[in-house]
Structures are given as C-alpha cells and as structure tokens.
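Just below is one structure, and these are the notes that go with it.
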Amino acid sequence: ARRFSEKENRTREVTWKILIADFFQQYISPRDVIVDLGAGDGKFITNVEAKRRIAVDVSTHVLQLEQQGIEVLNIPATSLTQHLDTHLDVVVMSNFLEHLPRLGTRMIFLSFIRVFPIAGVLLLPLSSGPEPSPLPPCSSRTGSARAAILRVVLPCRVRSARPLPP
C-alpha cells in the first residue's frame, strides 16, 4: 500500500518546489554538499540545487532516487558518519526526528561535530499544525509551512541564521 495517493503526491511535489524556490534554496549554495536524513521519497533533495545531493534512509525505496542523480545511502542515519567520504555543508531533516528514540536523536546531533568542517546549516522543515508558531511562514504561496534554520558553528555553538550569505 502506498502512503500517499497520486493526487497527494502531486500536491507534495508542487509544495516542495515552491518551498525550496521561495525559501530553502537561499541557504544552499550550488557549491554545497547536502544530506537529507530520512529522505523518504526524495521530494526535498530532488528539488534543491547543490554540488552533491545525498539521500539517507533505511527504507529501500530511497534507492529509486539514484535514477534522478541523487547519491543514496540506504543506512540508518545514526551510522552516517561511518559512510561519508566528505564533510557536509547542509543537513536537512524533515519529519525525521520524531521517528527516533531519544538516544538516536542525541547521536544524530553529536555526529554533526564530525560532519561539519567548521560550520554548517541545519534545515528543519516543520509540519504545519493547528497550534500557533513563533516561526514565520516559509512562503506566502504555501500557507502555514514553517522551518527552523540553524547555523551550526563548531565547536558546540549554534546560532540562528536567516539568511546566510551566498
């Protein structure tokens, strides 16, 4: 059984394209290496422009993204650092952290010390819900979608970032 209907998938595709064009791409340089943790069907990673785009997911359906020029790691996100051959500039986690136990979440955040050379950008698209959010909308064309954007500066400092210079 499929998680989304064809109509829902078309809507998701259009929504991600708008969110990336109107908001997220400003945080991703064409020279960047980006990884999408819990990439799922790749609606985010297939629509961004970057030097290297890497999708990480434990589900085997992520392998289909290779046909679209995406590098795929079919592994648990908690073992990411063992499989990388480069440092990362941007990490995106959309609807991902809620699937991990607390220890897994902690391991993911600690791994950023190893994957970001000195600084990096962490993109956390958030599902829109009925509760009010302190975050501004990502795009006026998509309603209430919101995101937390963090600029991670090592060692051990996190600063908010809106927007980063090109």
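For the numbers below, each heavy atom of this structure counts, side chains included, while hydrogens, waters and symmetry mates do not. All values reported here derive from a predicted model rather than from experimental measurement.
With a 4.5 Å cut-off on side-chain heavy atoms, Leu65 and Gln67 do not count as touching. Residues Ser59 and Val62 fail the side-chain proximity criterion, which asks for heavy atoms closer than 4.5 Å. In this structure, Glu49 and Gln25 have side chains that are in contact, with non-hydrogen atoms separated by less than 4.5 Å. With contacts defined as side-chain heavy-atom distances shorter than 4.5 Å, the pair Val56/Asp36 does not qualify. Residues Val33 and Lys51 form a side-chain contact, since some pair of their non-hydrogen atoms from C-beta on lies under 4.5 Å apart. Taking the side chain as every heavy atom from C-beta outward, Arg52 and Ile34 never approach each other to under 4.5 Å. Between Leu37 and Leu80, the closest side-chain pair of non-hydrogen atoms falls below 4.5 Å.
Salt-bridge formation is detected for the pair Asp41/Arg12: a Lys NZ or Arg NE/NH1/NH2 atom is positioned less than 4.0 Å from an Asp or Glu carboxylate oxygen.
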Go through it in stages, so that I can follow the logic: the residues are Glu71 and Arg53, the test is side chain to side chain contact (heavy atoms under 4.5 Å, CB included), and I'd like the CA-CA distance, side-chain angles, deciding distance and then a yes or no. CA-CA 6 Å; Glu71 296 176 48; Arg53 299 175 298 166; over 6 Å; no
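Residues in residues 57-69 take part in no salt bridge (charged side-chain N to carboxylate O under 4.0 Å, His left out) pair, two or more places apart or across chains. Sorted by first and then second residue, the ring-ring contact (aromatic ring centres under 6.0 Å, His included) pairs involving residues 35-60 (not counting sequence neighbours) are Trp16-Phe44, Phe24-Phe44.
With rounding to the nearest 0.5 angstrom, the NZ atom of Lys43 is 11.0 Å from the CD1 atom of Ile20. The CG atom of Asp89 sits 10.5 Å away from the CD1 atom of Ile28 when rounded to the nearest 0.5 Å. Here the CG atom belonging to Leu73 is positioned 4.5 Å from the CD1 atom belonging to Ile75, to the nearest 0.5 angstrom. Summarising the geometry, atom CG belonging to Asn47 is positioned 8.5 Å from atom CD belonging to Gln68; distances are rounded to the nearest 0.5 Å.
The two atoms that bring Val91 and Leu88 nearest to each other are CG2-CD1, 3.8 Å, heavy atoms only.
The side chain to side chain donor-acceptor pair (under 3.5 Å) search around Gln64 returns none, not counting sequence neighbours.
One N or O on the side chain of Ser5 and one on the backbone of Glu8 form a donor-acceptor pair closer than 3.5 Å. Looking only at distances, no side-chain donor or acceptor of Glu13 sits under 3.5 Å from a matching main-chain atom of Arg10.
Under the 4.5 Å side-chain heavy-atom criterion for ILVMFWY residues, no single connected hydrophobic cluster contains both Val58 and Val92.
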